[in-house]
Number of protein chains: 2
Amino acid sequence: MDERRTAAIFKAFCDENRIKIIKLLRSGEKCACKLLEEINVTQPTLSHHMKILCDAGIVVGRKEGKWTHYSISKKGVEQAKECLAQLTTLDAE
Amino acid sequence: MDERRTAAIFKAFCDENRIKIIKLLRSGEKCACKLLEEINVTQPTLSHHMKILCDAGIVVGRKEGKWTHYSISKKGVEQAKECLAQLTTLDAE
DNA sequence: GCATCATATAGAAAAATGTCAATATATTTT
DNA sequence: AAAATATATTGACATTTTTCTATATGATGC
């Protein structure tokens, strides 16, 4: 995995508002309007953060009518964990 | 773990130069001057990144005479892994 | 003590990121 | 079709981060 992609993945976790969003999604899928009620930013700012979280692969959005439902991506989380493990494992000597 | 601390931990992994530094340390402890040879930044910039990595707990510095030897902190890495796991595990229903 | 080497700190400039107001798009409802 | 609702995009501004130059600190060797 290249450095640029690794950085993009972990950008999901290096902003306090995004961490709050991820924590909210631990209890299950939520639509953007529900998330908006719970974090103290405007709607365009939330939309911006959701894009970064989706680009990182940590969150997925599911469109249904006029709503977008967001949830934590099990697959994305696994990739992040693997990436972290690979990055921090010492080389065999 | 609070959001501010979580963000500080993952800041270690969201800059391309810091990821390069971590990768260099996978082969074992290295002094700052050795790292400086391998990444394309000035000495004060390297020093700045090393501070962020140390604050995140991912890297530790060991002073020996005029050198500082940096290495990956097994403990810090474990904490980061736990933090990531906790953050991304769905709540029990 | 003075010169040298390795690293850290201070301060400024440049680049990236987070934020908001305004507006666009797409869907549903009336 | 028009109004209302949910979300995305645009563009501007503020803050934060990254980077540099210059300088300071601290250790070693003469």
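Reminder, nothing fancy here: chain letters follow the sequence lines and each chain counts from 1. On a predicted model such as this, the values are computed, not experimentally measured, just so you know. All values below were derived from every heavy atom in this structure, side-chain atoms included, with hydrogens, water molecules and symmetry-related copies excluded.
Screening residues 2-17 of chain A for side chain to side chain donor-acceptor pair (under 3.5 Å) gives A:Glu3-B:Lys23 as the qualifying pairs, with residues at least two apart or on separate chains.
Applying the side chain to side chain contact (heavy atoms under 4.5 Å, CB included) criterion to B:Glu37, with sequence neighbours excluded, gives B:Lys34. For A:Gln86, the side chain to side chain contact (heavy atoms under 4.5 Å, CB included) test picks out no residue, with sequence neighbours left out. Listed by chain and number, the residues in a side chain to side chain contact (heavy atoms under 4.5 Å, CB included) with A:Glu82 amount to none (sequence neighbours excluded).
There is no path of hydrophobic side-chain contacts, each under 4.5 Å, that joins B:Trp67 to B:Leu35.
Each of A:Gly65 and B:Trp67 was matched to the nucleotide of DNA chain C holding its nearest heavy atom; the match closer to the 5' end belongs to B:Trp67.
The environment of NZ in A:Lys74 is sparse: at most 12 heavy-atom neighbours from other residues, nucleotides or ligands sit within 6.0 Å. Residue B:Lys75 places its NZ atom among 12 or fewer non-hydrogen atoms of other residues, nucleotides or ligands, all under 6.0 Å distant.
Proximity of residues 40-62 of chain B to DNA chain C (heavy atom under 4.0 angstrom from any strand atom) is restricted to B:Gln43, B:Pro44, B:Ser47.
Residue contacts for B:Lys11: at a heavy-atom cut-off of 4.0 Å it reaches the sugar-phosphate backbone alone, with no base atom in range. Residue-level contact check: A:Lys34 touches neither bases nor backbone, having no heavy atom under 4.0 Å from any strand.
The outermost nucleotides of DNA chain C lying under 4.0 Å from heavy atoms of chain A, listed 5' to 3', are C:dT17 to C:dT28.
In this structure, A:Leu35 atom CG and D:dA8 atom P are separated by 11 Å, rounded to whole Å. One can place CD of A:Glu16 at 16 Å from P of D:dT15, the figure rounded to the nearest angstrom. Per the geometry, NZ belonging to B:Lys63 stands 13 Å off C1' belonging to D:dT28, to the nearest Å.
Note on ring orientation: taking the six-membered ring where Trp is involved, the planes of A:Phe13 and B:Phe10 are tilted (angle from 30° to 60°).
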